[in-house]
Amino acid sequence: MATSPPNAPGSNRMLWLIIMALALVIVTGAAIGGTYFFMNDGDKEAAAPAHAPAVPKPAPVFVQIDPFTANLSDPRGRILYVRIAVKVDDSKAAEKLAEHMPEVRNRILMTIADTKADNLTSASGKQSLAESLQVAIARPFYEDEDAIGVQEVLFTDFIVQ
């Protein structure tokens, strides 16, 4: 009579190794899945408003000021040739500047006349002049008015001679 051979002494050990390897794979997969689920949960909330229809930003409104030449505060008689674009809040501000363009140009010339030529050779000097011009242009034209919404003064041509 033939009997089945008894289990080999190493086969029981091999079964436990396979079970432990499967358990390790399952636990690792659960950890990765849980991390993915919880980490991406916040991204869905943050991304939800992005799916809403975006309100288009209004087109910027620029007022082009004709180029002009101005004397600088310089003992050598240096001059500045400049062309300026003024970025304003809205078309109402642009219309206000256009109505008062002679006064706007005068404010620009007076501000430039107080500027030293040596200050305009660096980027920081040009930025400082742009900020001074922004303040000068934004001043109200009448005492009972609010300031004009000037966002930025941009130089489109800038030559110091």
Side-chain angles (χ1 to χ4, degrees), residues 21 23-161:
L24 181 64
V25 168
I26 291 171
V27 169
T28 303
I32 291 172
T35 302
Y36 179 76
F37 176 76
F38 288 112
M39 295 299 280
N40 287 334
D41 188 41
D43 290 345
K44 290 179 183 173
E45 293 173 6
H51 294 293
V55 177
K57 292 181 181 179
V61 179
F62 292 98
V63 176
Q64 299 291 332
I65 298 178
D66 292 334
F68 53 88
T69 305
N71 293 321
L72 296 169
S73 175
D74 186 73
R76 297 186 300 178
R78 295 177 79 181
I79 60 171
L80 172 67
Y81 171 83
V82 66
R83 184 183 312 226
I84 297 172
V86 180
K87 184 177 181 181
V88 294
D89 290 343
D90 53 21
S91 59
K92 184 178 175 185
E95 290 172 10
K96 174 87 69 187
L97 286 180
E99 288 173 11
H100 296 278
M101 189 53 67
E103 190 171 351
V104 170
R105 289 179 61 86
N106 182 59
R107 290 177 181 183
I108 292 170
L109 287 170
M110 292 298 143
T111 303
I112 291 173
D114 287 338
T115 305
K116 296 189 182 301
D118 294 337
N119 295 345
L120 298 178
T121 57
S122 67
S124 62
K126 292 173 184 155
Q127 183 62 36
S128 176
L129 177 61
E131 291 168 1
S132 298
L133 289 172
Q134 181 177 356
V135 170
I137 295 170
R139 281 194 336 252
F141 294 107
Y142 302 106
E143 290 181 21
D144 59 340
E145 286 184 336
D146 291 333
I148 298 168
V150 176
Q151 295 178 6
E152 194 173 5
V153 172
L154 307 164
F155 298 118
T156 54
D157 287 332
F158 196 95
I159 301 171
V160 177
Q161 290 183 332

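Being a predicted model, the structure only gives us computed values, none of them experimental. In what follows, residues are counted from 1 in the order of the sequence shown.
- Here Asp118 pairs with Arg78 in a salt bridge; the nearest charged N to carboxylate O distance falls below 4.0 Å.
- Side-chain atoms of Val61 and Asp89, non-hydrogen and from C-beta on, never get closer than 4.5 Å to each other.
- Residues Leu129 and Ile112 come closest through the heavy atom pair CD1-CG1, 4.4 Å.
- Counting all heavy atoms, side chain and backbone alike, Lys126 lies closest to Leu120 at CE-O, 3.1 Å.
- Asp66 is not listed as a side-chain neighbour of Met101, based on a closest heavy-atom distance of 4.5 Å or more.
- Of all the heavy atoms in Leu97 and Val86, the pair that sits closest is CD1-CG1, 4.1 Å.
- Remark: Asp114 CG to Leu109 CG distance equals 11.5 Å, nearest 0.5 Å.
- The aromatic rings of His100 and Phe141 sit parallel, their planes meeting at an angle under 30°, below the 60° perpendicular limit.
- The number of heavy atoms from other shown groups lying within 6.0 Å of CG (Asp146) does not exceed 12.
- At distances below 3.5 Å, not a single donor-acceptor pair connects side-chain atoms of Ser128 with backbone N or O atoms of Ser124.
- Residues Arg107 and Pro140 share a closest heavy-atom pair of NH2-O, 3.2 Å.
- One distance of note links CD1 of Ile148 with CD of Gln134; it measures 12.0 Å at 0.5 Å rounding.
- The two atoms that bring Val150 and Val153 nearest to each other are CG1-CG2, 4.4 Å, heavy atoms only.
- Residues satisfying the ring-ring contact (aromatic ring centres under 6.0 Å, His included) test with Phe155, not counting sequence neighbours, are Phe158.
- Across all non-hydrogen atoms, the minimal contact from Leu72 to Ala117 is CD1-CB, 3.6 Å.
- For Tyr81, there are no ring-ring contact (aromatic ring centres under 6.0 Å, His included) partners two or more places apart in sequence or in a different chain.
- The closest side-chain heavy-atom distance from Val82 to Phe68 is below 4.5 Å.
- The shortest distance between side-chain heavy atoms of Val160 and Thr121 does not fall below 4.5 Å.
- Counting heavy atoms of neighbouring residues, nucleotides and ligands inside a 6.0 Å radius, atom CD of Glu145 exceeds 12 of them.
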